Number of protein chains: 2
Amino acid sequence: MTKRQGRKARGVQETKRKVDYRTLRNPFPPLDAFPPDRIDAIHAAALDVLGRLGIKVLLPEARDLFESAGAQVIDEMVYFPADLIEGHVALAPKSIVIKGGVAERDITLELGSLVFQPGAGCPHATDLERGRRAGTLEDYLELTKLTHHFDALQMLPPLVEPQDVPMNLRHYETMRAQLTLSNKVPFVFSRGTPQVQQSFEMLKAFRNVTDTEFMQNPYCYTIINTNSPRQLDIPMAQGIIDFARAGQVSIITPFTLMGAMAPVTVAGALTLSHAEAMAAITLGQIANAGAPMTYGTFTSNVDMKTGAPAFGTPEQVKASLGAGQLARKLGLPWRCAAGSAANINDAQAAHETEISGWGAFLAGATVIIHSAGWLEGGLTLSYEKLITDMDMVQTFAELCVPPEADDDAIALSALAEVEPGGHFFGAIHTMERYQTAFYDPVGMDWSNIGTWEDRGSQDANTRATAIWKGILRDFVPPPIAVEKIAQLDAYIAQKTSEGGAPPES
Amino acid sequence: MTKRQGRKARGVQETKRKVDYRTLRNPFPPLDAFPPDRIDAIHAAALDVLGRLGIKVLLPEARDLFESAGAQVIDEMVYFPADLIEGHVALAPKSIVIKGGVAERDITLELGSLVFQPGAGCPHATDLERGRRAGTLEDYLELTKLTHHFDALQMLPPLVEPQDVPMNLRHYETMRAQLTLSNKVPFVFSRGTPQVQQSFEMLKAFRNVTDTEFMQNPYCYTIINTNSPRQLDIPMAQGIIDFARAGQVSIITPFTLMGAMAPVTVAGALTLSHAEAMAAITLGQIANAGAPMTYGTFTSNVDMKTGAPAFGTPEQVKASLGAGQLARKLGLPWRCAAGSAANINDAQAAHETEISGWGAFLAGATVIIHSAGWLEGGLTLSYEKLITDMDMVQTFAELCVPPEADDDAIALSALAEVEPGGHFFGAIHTMERYQTAFYDPVGMDWSNIGTWEDRGSQDANTRATAIWKGILRDFVPPPIAVEKIAQLDAYIAQKTSEGGAPPES
């Protein structure tokens, strides 16, 4: 009798481990980097920056909005009374539900909830077979499929730039890909009002959402990067206003590299980032009180010898922990990031991604961006790295479920069943649970070196290549009505014939 | 004027970042896996295991000691009253100072302190140039030098087995290497009383320590692995007794792989591990009340499809967190581990090491073993991995220092100095701090892809090869009196001529 027959004979059913990676809550208390009084000091300093030094705002409409709310505007500079900032930041909702294509793809953004995105916004893509190249629509489509495949990636990000699609038509292709290949929450670039409005139109029509429903519930999101230090450019300010007025989500993300666009200290960089984030949230709340917006930070450091950006550093971890404290001070969901400066998916890339990933996880981040596939500080998205990083992402998801702790888990019966020096492979307690007891990894190979050599001594990247190719080969998009796609295509054809939409307002 | 001249002209001194990686304290509150009442339940279940199921003890002297203290002995089985266990575990010191060769190499083991060891006990060594091979004395010497080089590795472990040295002479070579190449705390294998006693003799003579001083202060340590489940073999039991009587440190480490040598559940494996650890500590305390011993665990899971050990799994993280709770219940310093099942130092190896490393760090472990270089679940120590993992170890060390939080760190002056959209590279605040602001990595390469390609597109392992070769090339042992080495060599020559010492009692 084989082992398997033995299991069957005992009436043990072959079952698959069931895991819910779609709705995660971080079970751990967030770790702090600063004493509470110093968080208060950073917050006060950020208000001082906003009041005394001001923010340069390049969009006239944004300056007008700020002025109408009581800010002082001198040329392009805007100076904010503290109560204007604090009063408006307090209007941002503390919990945001973004609707997916089906209910089980809805995500909740609030302190304590946890969602992941793979690498975003990369100009290049790379894989072992095709090498590093400028991102194409094919890459965008494939990476959207890979993102859809993994439940633990709950949002679709702007993975790579499809540089072979003209800028005035690009938003059609990226929205079409997101809607037809996935039912997860899609991303819309803030590249001017015309593209944003058309993206909203495509999304509403495809998801059968009325204007009122759209206004009441977010169905998509954008990322807003301030131009640190102390500057808000035209497309970003316009994006904040457009998304706020449409009731859609802005994830605010000052990108503050310590020593370059921000002070060389963690506390200084966070002061700047906090000031910029609060100014951006204030703009959205002036445009539409109660508009869904998240707090966010992306603070790491540069190599002071060369000025090169670095990720996965201890300073980035400390900045993430401090940013979490500031987010909790405001009570807002917030965005943090993993990242790597490595040029290929080697041990460095994995170490940096893990260090920054743990920093974001332990900081209690709501959205962890760039958590899989991001190389070269964001210049390239790696297919293989997307696969190998998923074991980190899914480990975080697994850690959201505490271990079983009842008397049956303590297993006195099993301990009594096995003799000293024996083993538990055949114990009843084991047989009842062995199929579902442990995490089943994506890319880890646990075979011993003999077996591993017999199978061709494949490193993690070689195995990952077979894995992503298999996912793409077997990919089945979520069920979507054919007429919806036809409708979308007709819209895109019509708008294309009219010249598309410029990537600016 | 170049940038450097500019710095000099401003009177900024070229200074090096100073970091103290020798005396670390973990600043974060440990994370819990179980509610407190379930930790009590695991502790109670472990006492039940010890009382009702018993432990098989192969060494007659150990059974006699247990019996003399009130345990019931039937054949080789020992059954423990709960108060015998709890009473003796309470005798173990809660803080242990192990003396190094100089005062700044002393280490403190207590809850809250943090020390690291590289990979230990590997039969094989590997590096890119010489490939994977059975460990040799040359490997042992080289790896001892690499361990000595890094301050963040505060203890010397049994790195690889020098298999080219006969077992009856091996302890001479390993002790000689540890004493002459380093002044860090050395390891002594528990391979029978004769080898242990000779190792103590070598150590005392070399460090000028009297018998009384040696008895009062530990100067070395051993690792005690129980033979899970519920078994204590002869060399391990003898080691506990020998080390306890000599006042030297035993680090107790049940090795309980869930599903194999332990129940398939985290709670069940911890129950077994906790029972075995308490029994082992009890033996040492019976032999010598107050003897320095640490708690410990090494609990991960196997791949239930193949039985292969796995490391860096979510289950290992949960087990580490739970073990920390049990250690804190006893109040004892404790040993945990990082680890990887990968066969080469690729992304898998780094991910697994990071996941298990963070698990141990967040669990509040006192000693984190196998934190650098450990491959194949401990079958091989990799020179390159020892280097690349050091950036993880040193990151943990860096995280022990909170970020500066005073007003000067908040940097309002710098924020005022830099215009919107400008940069902080030349700010006075940056110039004053740029040389010491950030962690300086061991093996990370942050250059952009063009520079990286110009330098030969070296992956992390290729760079690590140059790094470890450079460390060995430039290695200078700590200052040690020549006559001490001559004395030691004379001792070894004499003992060798007498046939060495058998690796058993």
Side-chain angles (χ1 to χ4, degrees), chain A residues 28 31 33-34 38 45 49 53 56 229-231 260 263-268 271 301 303-304 308 310 313-315 318 341 343 345-348 350-351 354-355 358 388 391 395 398-399 403 405 409-412 414-416 418 420-421 423 430 433-434 437-439 444 446 449 452 459-460, chain B residues 28 31 33-34 38 45 49 56 229-231 260 263-268 271 301 303-304 308 310 313-315 318 341 343 345-348 350-351 354-355 358 388 391-392 395 398-399 403 405 409-412 414-416 418 420-421 423 430 433-434 437-439 444 446 449 452 459-460:
Chain A
F28 299 111
L31 301 185
F34 294 95
R38 298 317 292 167
V49 166
L53 304 178
K56 188 171 182 178
R230 294 193 290 122
Q231 185 165 282
V264 74
T265 49
V266 174
T271 300
N301 58 291
D303 178 353
M304 291 310 290
T313 64
E315 289 77 22
K318 293 177 190 182
N343 289 298
N345 186 33
D346 58 3
Q348 174 184 346
H351 277 293
E354 286 277 351
I355 289 168
W358 279 93
T388 58
D391 278 316
T395 292
E398 292 280 334
L399 293 178
I410 288 177
L412 273 176
L415 289 165
V418 177
H423 64 76
T430 307
R433 295 160 180 261
Y434 79 101
F438 303 134
Y439 170 61
M444 304 298 193
W446 295 330
I449 197 155
W452 180 78
D459 72 359
Chain B
F28 299 111
L31 301 186
F34 294 95
R38 299 318 293 170
V49 166
K56 188 172 182 178
R230 293 192 291 122
Q231 185 165 281
V264 74
T265 49
V266 174
T271 299
N301 58 291
D303 178 353
M304 291 309 292
T313 65
E315 290 76 23
K318 293 177 189 182
N343 290 297
N345 187 33
D346 58 3
Q348 174 184 345
H351 277 294
E354 286 276 352
I355 289 168
W358 279 93
T388 58
D391 278 315
M392 175 189 77
T395 292
E398 290 281 334
L399 292 179
I410 288 178
L412 274 176
L415 289 164
V418 177
H423 65 76
T430 306
R433 295 159 181 261
Y434 80 99
F438 303 133
Y439 171 61
M444 304 299 192
W446 294 330
I449 197 156
W452 179 78
D459 72 358

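Note on naming: letters A, B, ... go to the chains in the order of the sequence lines (proteins, then strands), and numbering restarts at 1 for each one. Source: prediction; values computed, not measured.
Two residues are said to be in side-chain contact when any heavy atoms from C-beta on lie closer than 4.5 Å; B:P403 and A:T265 fail this criterion. Using a 4.5 Å heavy-atom threshold, the side chains of B:T313 and A:E398 count as separate. In this structure, B:H351 and A:M444 have side chains that are in contact, with non-hydrogen atoms separated by less than 4.5 Å.
Interface residue A:D303: backbone and side-chain heavy atoms are both found under 4.5 Å from chain B. In this structure, chain B has heavy atoms under 4.5 Å from both the backbone and the side chain of A:F438. For A:V418, the parts sitting under 4.5 Å from any heavy atom of chain B are the backbone and the side chain alike.
Note: A:P229 leads A:A308, A:P229, A:G421 in heavy-atom pairs under 4.5 Å with chain B. In terms of non-hydrogen atom pairs under 4.5 Å with chain A, the most contact-rich of B:Q231, B:E354, B:K56 is B:E354. In terms of non-hydrogen atom pairs under 4.5 Å with chain A, the most contact-rich of B:A411, B:A437, B:A267 is B:A267. The choice from A:N345, A:L53, A:I355 that makes the most heavy-atom pairs within less than 4.5 Å of chain B is A:I355. Ranking B:N301, B:V49, B:V266 against chain A, the residue ahead of the rest is B:N301, based on heavy-atom pairs under 4.5 Å. Highest contact tally toward chain A, considering only B:A414, B:A405, B:A45, is held by B:A405 [criterion: heavy-atom pairs under 4.5 Å]. When A:A416, A:A341, A:A260, A:A460 are compared by the number of non-hydrogen pairs under 4.5 Å with chain B, A:A260 comes out ahead.
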Point to revise | A:Q348 and B:T388: CA distance, side-chain angles, deciding distance, side-chain contact (heavy atoms from CB on, under 4.5 Å) verdict | key: CA-CA 7 Å; A:Q348 174 184 346; B:T388 58; over 6 Å; no
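Atom CG of B:L399 and atom CH2 of A:W358 lie 13.0 Å apart (nearest 0.5 Å).
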